[in-house]
Q: 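First, the structure itself, so that you have it in front of you.
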Amino acid sequence: MKRLCTFILLVCDVVYVLAQGLAPASGGIEHLPPAVDTVRSIAPFFTQAHASPRTPDAEGFIQRWLLLEPIYKPNRGNTVFTDTYIRRNLDTAYFPGQFATFPRNGEKVKVGDQELVWHALETSNFNIKLFRFAYGLNKQTYGVVFLAATVIDCPKELKNVRMAVGSNSASMWWLNGKEAVLLSGDRRMVMDDCVSKRLTLTKGRNIIRGAVINGPGMSDFCVRFIDEHGQAVRDLTITLDPRY
Amino acid sequence: MKFSIVAVIVLALLSFHRAGLAQALNGQPYIHDPSTITQCDGKYYTFGTGGGGLISVDGWTWNPGAERPGGGLAPDVIHIGDRYYVSYAKGGGGLAGGHASNVYVMWTRSLDPQSPDFGFKDETLVASSDGIEDCDAIDPAFLLDPTDGRLWLTYGTYFGFIRIVELDPKTGKRMPGNTPINIAIDCEATAMMYRDGWYYLLGTHGTCCDGANSTYNIVVGRSKKITGPYRDNMGQDMLKGGGRFVVGASGRFVGAGHFGHMVLDACVEKFSCHYEADLDRSGFSVLDIRPLLWRDGWPVAGENFTGGVYEIQSERSGFALELAVDFVRMPRIWRGPSGGPGPGIPRPAPQSSGTHPPTPPPPGGGLPMMPGFFNRVPEGPLVSIPAQSLDSVAKDWPAGTIDIRIGDFMSRPHQKWSITPVADAGGYPGSPYFKITIAGTERALAATADAELVAVPGITGAPEQLWRIDQLTDGTYRIMPKLVPGSNEQFVLTAVGASTVTLAKFDPRSDISRWNFRTP
């Protein structure tokens, strides 16, 4: 059963206890061996981003991002993520210069009493597993906001492309400082779930920023650009360096 | 008088409401996360989260009574040989904050708690998640692969991957050496089907457990291999969140989840699910059963028949079911030589019938002036010709039983059938029985002892006057009497000729047993 909204969580906890039954499970049965991905690390989901330019994967997914350690934003459920809530809570600066400057790997920012670090990472997955990022760094996994940023370098101007995003849960995305896509509600991650209106990627560097909010449960996102025919845009390089 | 008018309006609105919406199952169908509905010794069973489950004799009226040990979450059932395997999960689900869970399988020779063969045995662990990994081992679902007899089990929820493992169909235990394979993400409550060379993976998307605000909906992907990749109609892999929509909220039901496949007969398939909230039942989570259609190789949710006034059209000929009574012509308005409305003189009835309309000469000789013929356009005001009224023709119908046939549909009273659910007369999976009467009359379609059809002058509620209407996998319908007097055979309405109808065994390969309901 999926993430539960706040007002029923306690009720469901009671139901859960009843549902599990009062009698012990069949005696002598043990867990199967744990899977290999139980090590408390961001590996194998992420590696440190390299300095060399990188192209999107075969389907156009951008796999290199700067990720900020999760901002504590408690929500016991994901059903509160209306459009208004998302704009009010994601299109807002959590720290000075959030939208004005591009982060660097290792840069620290202060959000309330949290000191958070930007991490330049890349992955071989099509999606950026934010839950694994937070869990691997021993950070808060539920009730959080993740900030992401990357730079794509276009060899020529590309008109009429669209930013295609999937996220768990809700999120908001900007291209070169302008809002591009908003995903509201109790989202689950589907590739190309929400797609921007027609955009122009300028020749040279283009900055993508994103903010993903999640209550309980898994959290991740995937971003790519598609052309007028719905085909992946791959003629890009990803550098994490906004300078010309 | 005022009260009467209000009452009539209210009754009319209520009838519209009931006729236009799907019906909930009868009885106390309260359940969450129902297992695949399984027949045992003539009864239907489904189990839910928390232990226990529902039993139904006919598939329409459901009540508590099924028993399952172990508590836990979201069980599934499969019948193999003389065993009913039941799988369920303990732990996980994100409830109480955890994703560590175990999936168990046990078996019994009967699902009937009163049977001496009832008793679950050999509970065994077949899959698990440790609470950390990208999987939450809940919501198990079986598939016995009809191509090779291998038994598979899918499990998982939104926390990471949906996985599939292979079990031993002889024991229900995990096959030695078998390792889980990831086949989807970001869904839960999976189920599987096989059809025409494709494996189908059903999953539930959206939010559960939030009553009328639950966005639960069922999606599907398909693969040529049971281990995937499962892709939707857009080619999107379910490992990237893909899934073609099958069913979600509709009418007074919100949040469809936990698909279960039922094959009742060739071309008669249904699926079970629960709705998170039935708004006519205090928002309780309830079981439902609906037709399953197949279009272009994809499963599509059909609608349970809800009644109304219809033409019953033969898929074989396109003709309509009708009383075998004299065709009564509508009066024709004679047009003057100019083609205008003319003096409004009813034209004499023709003396013969044939391929071409008879053409008696008009008064004064010359060509008959048919409206619209010879590119004539009306010169005067257009008039609305009233429909033939029931009263104008029914007075001449025989008082007793009348034969049934199929004929050109002309939207006449003897071709308009009122189809109404009958309370307390039992039913079949998903629906109650219906009575089928000529609209505005008590003349009811009935099966005869010699497996023919008549309209009887009055409704007695006898089983031969009760009808089961199943939507078939192609979207047409099969119409079957509850009983053919003196027979144990199951016969269905059959267009044995283009214009002749009888009762015969269902032939799924032919259009002779397929019917459509069209609004007249």
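Every value quoted in this text rests on a predicted model; they were computed, and no experiment measured them.
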Q: Apply the test side chain to side chain contact (heavy atoms under 4.5 Å, CB included) to residues A:T79 and B:N213: give CA-CA distance (whole Å), side-chain angles for both, the deciding distance (0.1 Å), then the verdict.
A: CA-CA 9 Å; A:T79 57; B:N213 298 304; over 6 Å; no

Q: What residues form a side chain to side chain donor-acceptor pair (under 3.5 Å) with B:T190, not counting sequence neighbours?
A: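 Scan of B:T190 (side chain to side chain donor-acceptor pair (under 3.5 Å), adjacent residues dropped) gives B:T154.
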
Q: Distance check, rounded to the nearest 0.5 Å: A:R132 atom CZ versus B:E133 atom CD?
A: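 One finds 8.5 Å between CZ of A:R132 and CD of B:E133.
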
Q: When rounded to the nearest 0.5 angstrom, what distance separates CZ in A:F126 from CD1 in B:I185?
A: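 The CZ atom of A:F126 sits 4.5 Å away from the CD1 atom of B:I185.
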
Q: Quick check: are there more than 12 heavy atoms from other residues, nucleotides or ligands sitting under 6.0 Å from CZ of B:F284?
A: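 No, the 6.0 Å shell around CZ holds no more than 12 heavy atoms from other groups.
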
Q: What pairs with B:K240 under salt bridge (charged side-chain N to carboxylate O under 4.0 Å, His left out), at least two apart in sequence or on another chain?
A: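 B:K240 satisfies salt bridge (charged side-chain N to carboxylate O under 4.0 Å, His left out) with A:E59 once adjacent residues are dropped.
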
Q: For the residue pair A:D186 and B:T215, establish whether any side-chain heavy-atom pair is separated by less than 4.5 Å.
A: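 Answer no - side chains too far apart.
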
Q: Roughly how far, to the nearest 0.5 Å, is the CE atom of A:M191 from the CG atom of B:D237?
A: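 The CG atom of B:D237 sits 9.0 Å away from the CE atom of A:M191.
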
Q: Kindly give the heavy-atom pair with the smallest separation between A:K129 and B:F161, and that separation in Å.
A: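 Looking at all heavy atoms of both residues, the closest pair is NZ-CZ, 3.8 Å.
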
Q: Would a 4.5 Å heavy-atom cut-off, applied to side chains only, mark A:D192 and B:M234 as touching?
A: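 Heavy-atom side-chain distance check fails, nothing below 4.5 Å.
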
Q: Would you check if the side chain of B:D186 reaches a backbone N or O of A:R188 as a donor-acceptor pair within less than 3.5 Å?
A: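 Not confirmed, B:D186 side chain does not pair with A:R188 backbone.
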
Q: Evaluate whether atom NZ of A:K159 has more than 12 neighbouring non-hydrogen atoms of other residues, nucleotides or ligands under 6.0 angstrom away.
A: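 No - once you tally the heavy atoms of other residues, nucleotides and ligands closer than 6.0 Å, there are 12 at most.
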
Q: Out of curiosity, A:Y135 OH to B:I132 CD1, how far, rounded to the nearest 0.5 Å?
A: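 One gets 3.0 Å once the value is rounded to the nearest 0.5 Å.
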
